[in-house]
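Just so we're clear, the structure is a prediction, and the values are computed from it rather than from any experiment.
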Amino acid sequence: MARWCYRHRLVVLFLWVGALFGLGFSASTAGTNYANVFSLPDTDSKSAYDLMEKAFPNTSGDTDTVVWKVDGGSVKDRAVQDRIEPALEKIAKMPGVGAVTSPYDTQGAAQISKDGKIAYAQLTFAKRANEVPKELVEDVVDTAQAAERDGLQVELGGQAIQRVQEPPQGLSEMVGIVAAAVVLFLAFGSLFAMLLPIAIAVFGVGMGLFSTQLLSHATDIPDIAPLLASLIGLGVGIDYALFIVTRHRRGILRGMDPEESAVTALNTSGRAVLFAGGTVCIALAGMLVTRLRFLDGVVVGTSLTVVLSVLAATTLLPALLGLLGPRVLSRRQRRKLAANGPEQDKASGLAARWSVNVQKRPRRIAALALVVMAVLAIPVLSLRLGATDQGNDDASTTTRKAYDLLAEGFGPGFNGPLQVVTEGGDTTALVKGLDSAPGVARVAALPPAKGVTVIQVVPTTSPQSKETDDLIDTLRDDVIPQAGAQAHVGGVTAVSKDFASVTGDRLPLFIATIIGLGFLLLLVAFRSLVVPLTAALMNLIAAAASFGVLVAVFQWGWGLEMLGLGKEGPINAFLPVIMLSLLFGLSMDYQVFLVSRMHEEWVHTKDNARAVRVGLAETSRVINSAALIMVCVFLAFVLSGDSGAAMAGVGLAAAVALDAFVLRTALVPAAMHLLGNSNWWLPGWLEKRLPHLAVEPKEDEPDPVAATPDGPASAVHGFVRDEDGAPVEGAAVTLLTRGGRQLDRVVSLADGSYIVSVPAPGTYLLAATAASYGSRAGHVVVGEGPLVYDVELADGEVDAVN
């Protein structure tokens, strides 16, 4: 397929461009129909909601608030009324505004604080918050705030108001792309090579978002789904293309024809991309086991975007590589290639030196990495799930100021009243019991409708406090039963608490599901029990540390104001499920790219130390570059204006950074050095029963001449020396078939000499390695007589078998 796309590049490009513009036109014509559906069956708040829907079926419009405060006098003063009332009347006449309830009307007397300093008006829009035209909301805000003067402060709160203070759509994505472009240019040194991963990500994310927008008309998809889809889509799209382009560039630098290099890159790294994309989708699908309907749309949007990003990386990318040809290299690299010929098949520099250091000191490096992750994971012990509200907005926003004014004038619990809903019967005893309960500021029973009575209960504490959660439990377990009533506690605060409880209860099953599925996939891919077990353990460590960072920032408030992320509060209840899905998927990506290269080398040499060293040396730089891009993309979503997306962005940025820079670069290779050949152990009975799934291309078959002793036996002999010509004693020299079967293994003598026996003339693989040096591996052709072959080992260099 890669060769066909390379040769028919214009056809492939036109098909992708046509599909992108076609979907974009269809999506813009159809518009959006996102819906936030929280379905919590068998919960008390859901029972309360069902009763309220039965009694009050027409309360679908969004209700927002205009709040004002005077520094001196009272809000009842004529001078204040003369400025506020005309503004409220003007707002009430705006098309799209259903009603305005003023504190200066008879029915709004309770909307003035006891000290007379603060008052509020409720305005009800004709539609839900996400359907209210932005121009209308802006007119409401401008009209209300035009009434301000010295000593009179006017602020607005509510979901519709919050939408107009969000940054422009696409800002976070644009910032992420620009940051990724800088990293890619530094990594590649070529403008064209830099543009390739970005183009793949744009196509994948663009088609994913347009498709999700169209699907919103057919199924319930929450409005946060496209934001999360673009977040994960940009990350994986750029990363997948980066891995393939890096392998392609390496092939050209080593003398391959551009077409063959592209085909080889897709046949190696492209396979890993397909497998990695599949693991991300499986991790995302793990959210379905929670049976939280709100997350179903998130799974659809994010999975679709990942699938399209993988499709772009495996079809559009080879077409673009065909258009660029050798220009995927920088001018300096092309001149060097023309002047000096192909580069040697080796990894050198910092990555190779680090790889050798990990082999020399695996215990020390593993211990240090574990300590770092354990310290960062400590805050997770105080994790508290809940829901953010406008009290967590930045202090400069009008929604946060309105929230604080209401809390100041009417008590902290005013922003999150509870609704005790009962059907039939005498509510006198219930109201009395609620009023006398500790933690209740005031109680008001609304007029019954269709036999249903709603009792507003205002707590003395804020909606996000633990005391309010305890109050809900007290009302449900003690107060309502003692009153002999059949009632349910609802309201936004109660729904948030129930959502957090349900999520917490189902989280262990969810984690077990995605870890189990990931274990099985890696088991089949690498035919090892230890590799997937190590990956599962590392994923848990990464999750604990990243959530520790999340708690420290968003729950404890460390650096929150400095980052402009508002006020501390609980972690959004839906975030652990979404974050763990993305984290496990992305962690599996890095594990696949790292271990697939190690496994490729292990198949050829059967030398674990060499396989780990080569795999780390060749992949650590590209994994770290990919992780740095991911971190930039995720952190850019702090600018989205959505608290959930900001939390997810910070949490995922921390998770990816720790996973790539600590776990995959240090802890995983150190552990694999300590485990030795047991990394690749698999019981024989299990080997026979497992299906075959090739992450790497099919290994070369053993050379039929070299693998069978049909010809006269011979030998390969020579010396192992360092760069200065000094003999290297104790170097392990191994002779293998081209398929990776070991034929002979010796250790060099004091003068550096060695000799290995050859069963017959043919082509073989000779590998040499020493503890304090790098390693060498290359193909040797043995004729009728012995072959003299000297090996030079250099510190900090690792060559690879490809």
Side-chain angles (χ1 to χ4, degrees), residues 250-251 254-257 260-261 263-264 267-268 341-347 597-611 613-614 618 677 680 694 696-722 725 727-770 773-794 797-802:
R250 186 191 306 155
R254 291 174 180 175
M256 295 182 69
D257 176 74
E260 291 303 320
S261 178
V263 172
T264 302
N267 201 29
T268 51
E343 292 183 353
Q344 292 185 11
D345 204 15
K346 66 184 180 182
R597 187 63 190 93
M598 294 177 179
H599 187 248
E600 188 179 345
E601 201 71 20
W602 164 258
V603 167
H604 283 93
T605 66
K606 295 298 185 289
D607 183 340
N608 178 75
R610 172 186 169 80
R613 188 171 61 247
V614 169
E618 288 214 344
N677 289 352
W680 316 103
E696 306 96 11
K698 187 177 180 181
E699 297 99 19
D700 294 332
E701 294 296 329
D703 188 341
V705 177
T708 56
D710 293 336
S714 186
V716 176
H717 65 92
F719 293 90
V720 182
R721 297 188 174 91
D722 62 15
V728 178
E729 182 181 3
V733 182
T734 309
L735 185 73
L736 308 100
T737 67
R738 288 190 299 179
R741 183 165 60 88
Q742 181 174 311
L743 298 174
D744 195 11
R745 183 182 177 90
V746 299
V747 175
S748 61
L749 303 178
D751 62 351
S753 63
Y754 77 93
I755 181 169
V756 289
S757 60
V758 179
T763 303
Y764 299 87
L765 178 68
L766 187 74
T769 182
Y773 295 89
S775 61
R776 281 287 183 268
H779 290 102
V780 293
V781 180
V782 183
E784 296 296 331
L787 173 68
V788 178
Y789 189 84
D790 293 339
V791 180
E792 179 184 293
L793 296 180
E797 289 189 355
V798 179
D799 61 346
V801 179
N802 289 299

Distance (rounded to the nearest 0.5 Å) between Thr734 OG1 and Leu743 CG: 10.5 Å
Leu766 side, atom CG; Tyr754 side, atom OH - distance, nearest 0.5 Å: 5.0 Å
Test side-chain contact (heavy atoms from CB on, under 4.5 Å) applied to Glu260 - qualifying residues, sequence neighbours left out: Arg3, Met256, Asp257
For Val747, all residues meeting side-chain contact (heavy atoms from CB on, under 4.5 Å), sequence neighbours excluded: none
Under a 3.5 Å distance rule, please check whether [X] uses its side chain to pair with a backbone N or O of [Y] as donor and acceptor.
X	Y	result
Asp744	Val756	no
Ser714	Gly785	yes
Ser748	Ser753	no

For [X] and [Y], work out which heavy atoms get closest and say how close.
X	Y	result
Leu735	Tyr764	CD1-CB, 3.6 Å
Val780	Leu787	CB-CD2, 3.9 Å
Trp602	Asn677	CZ3-OD1, 3.6 Å
Ala768	Leu793	O-CD2, 3.8 Å
Gly752	Pro727	N-CB, 3.7 Å

With sequence neighbours excluded, tell me which residues meet side-chain hydrogen bond (donor to acceptor under 3.5 Å, both in side chains) with [X].
X	value
Thr264	none
Ser261	His248
Asp790	none

Exercise: do Thr769 and Arg613 side chains pair donor with acceptor under 3.5 Å: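 Yes, Arg613 and Thr769 have a side-chain donor paired with an acceptor closer than 3.5 Å.
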Quiz: residues 715-722 side-chain donor-acceptor pairs under 3.5 angstrom, not counting sequence neighbours:
from: Asp722; atom 1: OD1; to: Asp724; atom 2: N; distance (Å): 2.9
from: Asp722; atom 1: OD1; to: Gly725; atom 2: N; distance (Å): 3.0
from: Asp722; atom 1: OD1; to: Ala726; atom 2: N; distance (Å): 2.8

